[in-house]
Amino acid sequence: PDGGITHFIAIKEDITERKRIETELVASEALRREMFERHAAIKLLMDADTGQIVDANPAACRYYGYSREQLVSMTIQQINTLSPEEVAAERQRALREERNYFQFKHRLSDGSIRDIETYASPIVVGGRKLLYSLVHDITDRVEAEKQVQQLNQELVATASRRYQQLRRVNDRMAAVLNSTSDAIVSIDDGDQIGDTNPAFAVMFDYPKDTQEHIAISEVIAPEYRHEFCNALKSFRARGEPDQIRVRARRRDGTHFDADCAFGRGQHSGYIVCSIRNISRFVEAGRMRDRFISMVNHELRTPITAITLSS
């Protein structure tokens, strides 16, 4: 009657679930903050549109040499050595999630330039688009890769020079082998003829397409084969004798006198044999012997006649 409060209406609401959620949110935020602040990795938060650094963890401050207050007053363009246009283009690629891995060069507070790799992911905080960047210094790795690349280039250059030298040597050897009149053959450990020079085909009448699976003994006259094979076996075992005179055999069965000389091939087990046709030399020697014999006979005949007549 006097206008005072005579009744109360109380509304009771169970907020247990809300408080639980609020507690979990606070704990989750604290955890995320701990992971950002206390993590040893370099972490940056930046505005996706402007590149303004929004936050930096202590590891980032130690790495770049700036305080947190200094870093959050800077843009990433002041650290990245690319042009502002290039940096903006890379931020947009990260924002559109076209790529999340980048390699840049970053400038520290002391002016030194370091190679870094960064993984950047877009996040939204309070309606603001940010890029969350995890930064790793890869300067040592890049330098090591450069050294390896330089060594590889030097090795390639050295190998190229060596190849050219060997090619010139091989060309000179080929010129000698192709121009000599001596037959040159390689003999494998089964006594089969391998490579030959053009003079072999001419000397023995074996065209190149007929030289496959020919034993070296086939180009030696039968009566000399045993001696030749023993000499070859001895040279392979002891390095001597290094030459032998035989009668060689052409494909048509005709024979000629030949001097054979042995040498070691570049590949283990191979013997190089040079064969020289000495038929003219031998024939000249025979003619000389016949001439001397005839002269001696003629000189002795008058003396004999005088002796008999007396």
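With a 4.5 Å cut-off on side-chain heavy atoms, Val87 and Phe104 do not count as touching. In this structure, the side chains of Asn80 and His106 come closer than 4.5 Å at one or more pairs of heavy atoms.
Every ring pair (Phe, Tyr, Trp, His ring centres under 6.0 Å) that Phe235 has, sequence neighbours left out, goes to Phe262. Contacts of Tyr206 classified as ring pair (Phe, Tyr, Trp, His ring centres under 6.0 Å), with partners at least two apart in sequence or in another chain: none. Residues satisfying the side-chain hydrogen bond (donor to acceptor under 3.5 Å, both in side chains) criterion with Asp110, sequence neighbours excluded, are Ser112. Scored by the ring pair (Phe, Tyr, Trp, His ring centres under 6.0 Å) test, Tyr101 finds Tyr119 as partners (sequence neighbours excluded). In terms of the ring pair (Phe, Tyr, Trp, His ring centres under 6.0 Å) criterion, Tyr63 has no residue partners (sequence neighbours excluded).
Counting only residues at least two apart or in different chains, salt bridge (charged side-chain N to carboxylate O under 4.0 Å, His left out) contacts with residues 172-181 are absent.
Salt bridge absent: Asp259 and Arg276 never bring a charged side-chain N and a carboxylate O closer than 4.0 Å.
Taking the six-membered ring where the residue is Trp, the centroids of Tyr64 and Tyr66 are separated by 6.0 Å or more.
The salt bridge (Lys or Arg N to Asp or Glu O under 4.0 Å) test with Asp47 is passed by exactly one of Lys129, Arg91, Arg128: Arg128.
A 6.0 Å sphere centred on CZ of Arg167 holds no more than 12 heavy atoms belonging to other residues, nucleotides or ligands.
The two residues Arg107 and Thr81 have their closest heavy-atom pair at NH2-CG2, 3.9 Å.
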